[in-house]
Amino acid sequence: MLFYRGPGRKMSSRGWGLVLGCYLLLAFAWSPVLSHVPRGQQERRVQEGTQEPPTPLDHAERAEKYSPRQGEEPPASRCYRCCDSGTPVYQTIPAPQINITILKGEKGDRGDRGLQGKYGKTGSAGARGHIGPKGQKGSMGAPGDRCKNHYAAFSVGRKKPLHSNDYYQTVVFDTEFVNLYSHFNMFTGKFYCYVPGIYFFSLNVHTWNQKETYLHVMRNEEEVVILYAQVSDRSIMQSQSLMLELQEQDEVWVRLFKGERENAIFSDEFDTYITFSGYLVKYAAEP
(Lines give C-alpha, C1' and ligand atoms only; values in the text may rest on other atoms or scores of the structure.)
Protein backbone atom coordinates (compact mmCIF):
# COMPACT_ATOMS: atom_id res chain seq x y z
CA MET A 1 0.00 0.00 0.00
CA LEU A 2 1.41 3.37 -0.99
CA PHE A 3 1.28 6.48 1.20
CA TYR A 4 1.78 10.00 0.04
CA ARG A 5 4.44 11.59 2.04
CA GLY A 6 3.72 15.16 1.21
CA PRO A 7 5.56 17.78 -0.82
CA GLY A 8 9.24 18.23 -0.48
CA ARG A 9 9.98 14.64 0.45
CA LYS A 10 11.63 12.11 -1.92
CA MET A 11 10.61 8.47 -2.24
CA SER A 12 13.26 6.02 -0.97
CA SER A 13 14.57 3.06 -2.96
CA ARG A 14 12.43 0.77 -0.89
CA GLY A 15 9.29 2.61 -2.17
CA TRP A 16 10.30 2.29 -5.78
CA GLY A 17 10.74 -1.39 -5.34
CA LEU A 18 7.27 -1.77 -4.01
CA VAL A 19 5.79 0.05 -7.03
CA LEU A 20 7.66 -2.14 -9.50
CA GLY A 21 6.50 -5.26 -7.71
CA CYS A 22 2.87 -4.22 -8.01
CA TYR A 23 3.20 -3.78 -11.78
CA LEU A 24 4.67 -7.21 -12.21
CA LEU A 25 1.90 -8.81 -10.20
CA LEU A 26 -0.79 -7.13 -12.42
CA ALA A 27 0.91 -8.23 -15.64
CA PHE A 28 1.15 -11.82 -14.47
CA ALA A 29 -2.54 -11.87 -13.42
CA TRP A 30 -3.94 -10.58 -16.80
CA SER A 31 -1.63 -12.43 -19.18
CA PRO A 32 -3.88 -15.62 -19.52
CA VAL A 33 -6.95 -13.51 -20.42
CA LEU A 34 -5.22 -11.40 -23.06
CA SER A 35 -3.41 -14.33 -24.66
CA HIS A 36 -6.39 -16.80 -24.56
CA VAL A 37 -7.10 -18.52 -27.97
CA PRO A 38 -9.86 -21.15 -28.53
CA ARG A 39 -8.65 -24.72 -28.50
CA GLY A 40 -9.95 -25.46 -32.05
CA GLN A 41 -8.02 -22.51 -33.44
CA GLN A 42 -4.88 -23.54 -31.61
CA GLU A 43 -5.08 -27.07 -33.12
CA ARG A 44 -5.54 -25.67 -36.64
CA ARG A 45 -2.62 -23.36 -36.19
CA VAL A 46 -0.48 -26.28 -35.05
CA GLN A 47 -1.57 -28.43 -38.02
CA GLU A 48 -1.03 -25.58 -40.48
CA GLY A 49 2.38 -25.07 -39.09
CA THR A 50 3.30 -28.71 -39.62
CA GLN A 51 1.76 -29.08 -43.17
CA GLU A 52 3.67 -28.31 -46.30
CA PRO A 53 2.39 -25.59 -48.71
CA PRO A 54 0.12 -26.93 -51.55
CA THR A 55 1.60 -27.61 -54.91
CA PRO A 56 0.32 -25.15 -57.59
CA LEU A 57 -2.15 -26.73 -60.09
CA ASP A 58 -1.67 -26.59 -63.83
CA HIS A 59 -4.35 -25.36 -66.28
CA ALA A 60 -6.04 -28.77 -66.89
CA GLU A 61 -6.21 -29.64 -63.15
CA ARG A 62 -7.57 -26.23 -62.34
CA ALA A 63 -10.29 -26.55 -65.06
CA GLU A 64 -11.27 -30.01 -63.77
CA LYS A 65 -11.42 -28.85 -60.16
CA TYR A 66 -13.42 -25.71 -60.66
CA SER A 67 -15.66 -26.83 -63.57
CA PRO A 68 -19.15 -28.12 -62.64
CA ARG A 69 -19.75 -31.85 -62.86
CA GLN A 70 -22.18 -33.36 -65.41
CA GLY A 71 -25.82 -32.89 -64.33
CA GLU A 72 -24.91 -30.28 -61.71
CA GLU A 73 -25.45 -26.58 -61.91
CA PRO A 74 -22.60 -24.32 -60.79
CA PRO A 75 -23.32 -22.18 -57.76
CA ALA A 76 -24.53 -18.71 -58.56
CA SER A 77 -21.80 -17.12 -56.42
CA ARG A 78 -18.75 -18.85 -58.04
CA CYS A 79 -16.31 -16.84 -60.05
CA TYR A 80 -15.05 -17.98 -63.44
CA ARG A 81 -11.99 -17.18 -65.37
CA CYS A 82 -11.99 -16.53 -69.06
CA CYS A 83 -9.76 -19.54 -69.61
CA ASP A 84 -12.02 -22.01 -67.74
CA SER A 85 -14.08 -24.46 -69.83
CA GLY A 86 -17.84 -24.42 -69.70
CA THR A 87 -20.22 -21.58 -70.11
CA PRO A 88 -20.71 -19.55 -66.96
CA VAL A 89 -24.27 -18.98 -65.84
CA TYR A 90 -25.14 -15.39 -65.17
CA GLN A 91 -28.35 -14.03 -63.78
CA THR A 92 -30.59 -12.32 -66.33
CA ILE A 93 -30.69 -8.61 -65.81
CA PRO A 94 -34.04 -7.16 -66.94
CA ALA A 95 -33.93 -4.46 -69.58
CA PRO A 96 -34.50 -1.00 -68.25
CA GLN A 97 -38.03 0.31 -68.66
CA ILE A 98 -38.45 3.76 -70.13
CA ASN A 99 -41.55 5.78 -69.28
CA ILE A 100 -42.57 7.10 -72.70
CA THR A 101 -45.04 9.54 -71.22
CA ILE A 102 -42.25 11.71 -69.91
CA LEU A 103 -40.77 11.81 -73.43
CA LYS A 104 -44.10 12.85 -75.10
CA GLY A 105 -43.75 15.96 -77.19
CA GLU A 106 -46.22 18.59 -78.28
CA LYS A 107 -49.29 17.63 -80.34
CA GLY A 108 -48.64 17.76 -84.06
CA ASP A 109 -50.78 19.13 -86.88
CA ARG A 110 -53.65 17.06 -88.22
CA GLY A 111 -52.75 14.94 -91.22
CA ASP A 112 -54.52 14.71 -94.57
CA ARG A 113 -57.68 12.63 -94.84
CA GLY A 114 -57.01 9.13 -96.07
CA LEU A 115 -58.76 7.29 -98.88
CA GLN A 116 -62.04 5.60 -98.11
CA GLY A 117 -61.73 1.92 -97.48
CA LYS A 118 -63.76 -0.84 -99.07
CA TYR A 119 -67.25 -1.54 -97.82
CA GLY A 120 -67.50 -4.53 -95.55
CA LYS A 121 -69.94 -7.39 -95.88
CA THR A 122 -73.53 -6.72 -94.93
CA GLY A 123 -74.21 -8.03 -91.47
CA SER A 124 -77.21 -10.04 -90.45
CA ALA A 125 -80.35 -8.22 -89.31
CA GLY A 126 -80.50 -7.61 -85.60
CA ALA A 127 -83.31 -8.55 -83.29
CA ARG A 128 -86.47 -6.45 -83.38
CA GLY A 129 -86.36 -3.69 -80.81
CA HIS A 130 -88.97 -2.89 -78.23
CA ILE A 131 -91.97 -0.76 -79.19
CA GLY A 132 -91.30 2.84 -78.34
CA PRO A 133 -93.64 5.17 -76.52
CA LYS A 134 -96.57 6.65 -78.41
CA GLY A 135 -95.78 10.00 -79.95
CA GLN A 136 -97.76 13.18 -79.72
CA LYS A 137 -100.63 13.86 -82.08
CA GLY A 138 -99.50 15.66 -85.20
CA SER A 139 -101.00 18.78 -86.66
CA MET A 140 -103.68 18.64 -89.34
CA GLY A 141 -102.33 18.35 -92.84
CA ALA A 142 -103.08 20.60 -95.77
CA PRO A 143 -106.21 19.88 -97.86
CA GLY A 144 -105.72 17.40 -100.64
CA ASP A 145 -105.84 18.13 -104.34
CA ARG A 146 -109.48 18.20 -105.46
CA CYS A 147 -108.63 16.85 -108.87
CA LYS A 148 -107.78 13.52 -107.25
CA ASN A 149 -111.36 13.07 -106.03
CA HIS A 150 -113.75 11.09 -108.20
CA TYR A 151 -117.21 12.39 -108.99
CA ALA A 152 -119.87 11.78 -111.67
CA ALA A 153 -123.43 13.12 -111.74
CA PHE A 154 -126.04 14.33 -114.24
CA SER A 155 -129.71 15.32 -114.36
CA VAL A 156 -131.48 16.18 -117.63
CA GLY A 157 -135.07 16.78 -118.82
CA ARG A 158 -137.31 16.82 -121.97
CA LYS A 159 -140.01 19.36 -122.80
CA LYS A 160 -141.30 17.75 -126.01
CA PRO A 161 -143.63 14.75 -126.29
CA LEU A 162 -142.51 11.63 -128.13
CA HIS A 163 -144.56 9.07 -130.13
CA SER A 164 -143.43 5.66 -131.27
CA ASN A 165 -142.95 4.58 -134.93
CA ASP A 166 -141.66 1.54 -136.78
CA TYR A 167 -138.25 1.44 -135.02
CA TYR A 168 -136.79 1.88 -131.55
CA GLN A 169 -136.05 5.47 -130.57
CA THR A 170 -133.45 6.87 -128.20
CA VAL A 171 -135.00 9.42 -125.86
CA VAL A 172 -132.99 12.60 -126.34
CA PHE A 173 -133.17 15.35 -123.70
CA ASP A 174 -133.18 19.07 -124.32
CA THR A 175 -132.86 20.51 -120.81
CA GLU A 176 -129.70 20.23 -118.73
CA PHE A 177 -129.97 20.59 -114.93
CA VAL A 178 -126.65 19.06 -113.86
CA ASN A 179 -123.94 17.62 -116.08
CA LEU A 180 -120.71 17.24 -114.07
CA TYR A 181 -117.67 17.10 -116.35
CA SER A 182 -120.09 16.67 -119.33
CA HIS A 183 -120.28 12.90 -118.89
CA PHE A 184 -123.83 13.01 -120.32
CA ASN A 185 -123.91 13.70 -124.04
CA MET A 186 -126.93 15.90 -124.84
CA PHE A 187 -126.66 15.21 -128.58
CA THR A 188 -126.76 11.39 -128.36
CA GLY A 189 -128.87 11.23 -125.17
CA LYS A 190 -126.42 8.81 -123.49
CA PHE A 191 -124.38 8.82 -120.30
CA TYR A 192 -120.76 7.69 -120.80
CA CYS A 193 -118.92 6.17 -117.84
CA TYR A 194 -115.45 7.66 -117.31
CA VAL A 195 -115.21 6.76 -113.59
CA PRO A 196 -115.89 3.05 -112.97
CA GLY A 197 -117.96 2.19 -109.94
CA ILE A 198 -121.48 1.85 -108.62
CA TYR A 199 -124.11 4.33 -109.93
CA PHE A 200 -127.70 5.19 -109.07
CA PHE A 201 -130.16 6.04 -111.91
CA SER A 202 -133.73 7.37 -111.89
CA LEU A 203 -136.24 7.82 -114.79
CA ASN A 204 -139.52 9.78 -114.52
CA VAL A 205 -142.13 10.19 -117.31
CA HIS A 206 -145.73 11.38 -117.79
CA THR A 207 -148.12 9.01 -119.54
CA TRP A 208 -150.48 9.94 -122.36
CA ASN A 209 -154.27 9.51 -122.21
CA GLN A 210 -155.50 6.41 -124.03
CA LYS A 211 -151.94 5.43 -124.93
CA GLU A 212 -149.50 2.85 -123.63
CA THR A 213 -146.18 3.82 -122.04
CA TYR A 214 -143.34 1.40 -122.77
CA LEU A 215 -139.67 2.28 -122.24
CA HIS A 216 -136.37 0.52 -121.26
CA VAL A 217 -133.31 1.70 -119.36
CA MET A 218 -130.40 0.36 -121.40
CA ARG A 219 -126.76 -0.47 -120.54
CA ASN A 220 -124.89 -0.52 -123.81
CA GLU A 221 -127.24 -2.68 -125.97
CA GLU A 222 -128.72 -4.59 -123.05
CA GLU A 223 -132.26 -4.00 -121.69
CA VAL A 224 -131.84 -3.62 -117.92
CA VAL A 225 -135.23 -2.50 -116.55
CA ILE A 226 -138.61 -1.53 -118.02
CA LEU A 227 -140.92 1.40 -117.30
CA TYR A 228 -144.45 0.50 -118.25
CA ALA A 229 -147.97 1.98 -117.90
CA GLN A 230 -151.17 0.51 -119.37
CA VAL A 231 -153.69 2.43 -121.42
CA SER A 232 -155.84 4.66 -119.22
CA ASP A 233 -158.30 7.49 -119.45
CA ARG A 234 -156.07 9.53 -117.19
CA SER A 235 -152.44 10.48 -117.52
CA ILE A 236 -150.13 9.79 -114.57
CA MET A 237 -146.50 10.22 -113.51
CA GLN A 238 -144.58 6.95 -113.75
CA SER A 239 -140.99 6.34 -112.41
CA GLN A 240 -138.26 3.70 -112.32
CA SER A 241 -134.95 3.64 -110.43
CA LEU A 242 -131.99 1.24 -110.10
CA MET A 243 -128.27 0.89 -109.26
CA LEU A 244 -125.71 -0.40 -111.75
CA GLU A 245 -122.05 -1.33 -111.52
CA LEU A 246 -120.38 0.22 -114.54
CA GLN A 247 -117.01 -0.23 -116.16
CA GLU A 248 -115.17 2.49 -117.99
CA GLN A 249 -116.73 3.35 -121.41
CA ASP A 250 -120.11 1.78 -120.53
CA GLU A 251 -123.18 3.64 -121.87
CA VAL A 252 -126.54 4.13 -120.10
CA TRP A 253 -129.55 5.53 -122.00
CA VAL A 254 -133.38 5.37 -122.37
CA ARG A 255 -135.12 3.67 -125.33
CA LEU A 256 -138.78 4.00 -126.47
CA PHE A 257 -140.31 0.79 -127.75
CA LYS A 258 -141.18 0.59 -131.47
CA GLY A 259 -144.63 1.14 -132.96
CA GLU A 260 -146.23 -2.28 -132.62
CA ARG A 261 -148.51 -0.56 -130.14
CA GLU A 262 -149.66 3.00 -129.65
CA ASN A 263 -146.84 4.14 -127.41
CA ALA A 264 -146.05 7.70 -126.24
CA ILE A 265 -144.82 9.95 -123.44
CA PHE A 266 -146.21 13.37 -122.71
CA SER A 267 -144.57 16.77 -122.11
CA ASP A 268 -144.98 20.43 -123.20
CA GLU A 269 -142.99 23.60 -123.60
CA PHE A 270 -144.20 25.11 -120.36
CA ASP A 271 -143.30 22.30 -117.95
CA THR A 272 -140.79 19.49 -117.85
CA TYR A 273 -142.50 16.13 -117.37
CA ILE A 274 -139.67 13.81 -118.39
CA THR A 275 -136.38 13.59 -116.37
CA PHE A 276 -133.40 11.25 -116.30
CA SER A 277 -130.76 11.43 -113.51
CA GLY A 278 -127.75 9.47 -112.24
CA TYR A 279 -124.67 9.81 -110.00
CA LEU A 280 -121.65 7.86 -108.73
CA VAL A 281 -122.17 6.17 -105.36
CA LYS A 282 -118.79 4.44 -104.89
CA TYR A 283 -115.58 4.56 -106.90
CA ALA A 284 -114.39 1.11 -107.98
CA ALA A 285 -110.80 1.54 -106.66
CA GLU A 286 -111.89 2.48 -103.15
CA PRO A 287 -111.64 -0.29 -100.52
Side-chain angles (χ1 to χ4, degrees), residues 146 148-269 271-287:
R146 296 190 61 181
K148 294 182 180 180
N149 297 326
H150 301 278
Y151 299 102
F154 72 93
S155 182
V156 291
R158 180 182 175 96
K159 291 188 175 184
K160 295 179 180 180
L162 182 62
H163 293 266
S164 63
N165 51 31
D166 296 338
Y167 52 89
Y168 295 110
Q169 298 182 72
T170 301
V171 179
V172 178
F173 298 88
D174 51 26
T175 304
E176 184 179 82
F177 300 112
V178 174
N179 191 7
L180 192 62
Y181 308 125
S182 298
H183 288 182
F184 190 90
N185 191 319
M186 298 294 292
F187 179 77
T188 61
K190 296 181 179 182
F191 169 76
Y192 295 91
C193 178
Y194 294 100
V195 183
I198 299 175
Y199 286 79
F200 175 82
F201 295 97
S202 175
L203 174 62
N204 295 278
V205 297
H206 193 280
T207 64
W208 201 301
N209 295 343
Q210 304 298 324
K211 292 184 179 181
E212 191 177 32
T213 303
Y214 193 5
L215 300 100
H216 284 98
V217 176
M218 309 288 294
R219 177 172 57 186
N220 301 325
E221 299 301 324
E222 175 191 4
E223 298 173 354
V224 182
V225 293
I226 187 174
L227 188 152
Y228 180 77
Q230 294 180 345
V231 178
S232 175
D233 295 336
R234 296 184 304 169
S235 62
I236 59 173
M237 294 294 299
Q238 194 78 353
S239 65
Q240 180 66 281
S241 60
L242 74 160
M243 295 183 72
L244 292 175
E245 183 174 2
L246 303 181
Q247 304 298 325
E248 192 171 356
Q249 299 302 322
D250 279 349
E251 301 173 2
V252 180
W253 50 288
V254 179
R255 186 188 71 178
L256 182 67
F257 202 76
K258 60 184 177 179
E260 298 175 356
R261 309 172 184 177
E262 186 66 26
N263 184 19
I265 52 177
F266 175 80
S267 188
D268 59 29
E269 298 180 356
D271 294 305
T272 305
Y273 290 89
I274 305 169
T275 60
F276 183 42
S277 303
Y279 59 89
L280 176 65
V281 176
K282 182 180 181 297
Y283 177 50
E286 292 181 358

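Not measured: the values here are computed from a predicted model.
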What pairs meet the salt bridge (Lys or Arg N to Asp or Glu O under 4.0 Å) rule with one or both residues in residues 229-243, with sequence neighbours excluded?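 Every candidate salt bridge (Lys or Arg N to Asp or Glu O under 4.0 Å) pair involving residues 229-243 fails, so no pair, neighbours aside, qualifies.
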Please list, chain by chain and in numerical order, all residues satisfying ring pair (Phe, Tyr, Trp, His ring centres under 6.0 Å) with W253, sequence neighbours excluded.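 In terms of ring pair (Phe, Tyr, Trp, His ring centres under 6.0 Å), with neighbours along the sequence ignored, W253 is linked to no residue.
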State which residues pass ring pair (Phe, Tyr, Trp, His ring centres under 6.0 Å) with Y228; sequence neighbours excluded, sorted by chain then number.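 If we apply the ring pair (Phe, Tyr, Trp, His ring centres under 6.0 Å) test to Y228, skipping adjacent residues, the hits are Y214.
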For atom [atom1] of [X], is the number of surrounding heavy atoms from other residues, nucleotides or ligands below 6.0 Å larger than 12?
X    : atom1 : answer
E222 : CD    : yes
K160 : NZ    : no
E176 : CD    : yes

Could you state the interatomic distance from [atom1] ([X]) to [atom2] ([Y]), rounded to the nearest 0.5 Å?
X    : Y    : atom1 : atom2 : answer
Q210 : S232 : CD    : OG    : 7.0 Å
N263 : L256 : CG    : CG    : 4.5 Å
L227 : L215 : CG    : CG    : 6.0 Å
K159 : E269 : NZ    : CD    : 8.5 Å
F191 : E251 : CZ    : CD    : 11.0 Å
F177 : F184 : CZ    : CZ    : 11.5 Å

Criterion side-chain contact (heavy atoms from CB on, under 4.5 Å) on I198 and M243, from CA distance to verdict: CA-CA 7 Å; I198 299 175; M243 295 183 72; 3.6 Å; yes
Taking every non-hydrogen atom, the tightest pair across [X] and [Y]:
X    : Y    : value
V171 : R158 : CG1-CD, 4.2 Å
V225 : Q240 : CG2-CG, 3.9 Å
A264 : K211 : CB-CD, 3.8 Å

N/O donor-acceptor pairs under 3.5 Å from side chains in residues 271-287, not counting sequence neighbours:
residue : atom : partner : partner atom : Å
T275    : OG1  : N204    : ND2          : 3.4
S277    : OG   : S155    : OG           : 2.8
K282    : NZ   : E286    : O            : 3.0

Could you walk me through whether D250 and V252 satisfy the side-chain contact (heavy atoms from CB on, under 4.5 Å) test, starting with their C-alpha distance in whole Å, then the side-chain angles of each, then the deciding distance to 0.1 Å, before giving a yes or no? CA-CA 7 Å; D250 279 349; V252 180; 5.6 Å; no
Only one of W208, F257, F266 passes ring-ring contact (aromatic ring centres under 6.0 Å, His included) with H163; say which it is.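 Filter result, single survivor: W208.
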Tell me whether the rings of H183 and Y181 are parallel (<30°), tilted (30 to 60°) or perpendicular (>60°).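 If you compare the ring of H183 with that of Y181, the planes turn out tilted.
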When you compare the side chain of [Y] with that of [X], does any pair of heavy atoms fall below 4.5 Å?
X    : Y    : answer
V254 : T170 : no
L246 : Y199 : yes
H206 : I236 : no
F201 : L244 : yes
K258 : D166 : no

If the condition is side-chain contact (heavy atoms from CB on, under 4.5 Å), which residues does S182 pass it with, not counting sequence neighbours?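 Listed in chain order: N179.
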Got a sec, which residues hit side-chain contact (heavy atoms from CB on, under 4.5 Å) with E223, two or more places apart in sequence or on another chain?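 Checked E223 against side-chain contact (heavy atoms from CB on, under 4.5 Å); matches are H216, M218, R255.
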Could you tell me whether a side-chain N or O of T213 sits under 3.5 Å from a main-chain N or O of T207, the two making a donor and an acceptor?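 No, T213 side chain to T207 backbone: no donor-acceptor pair under 3.5 Å.
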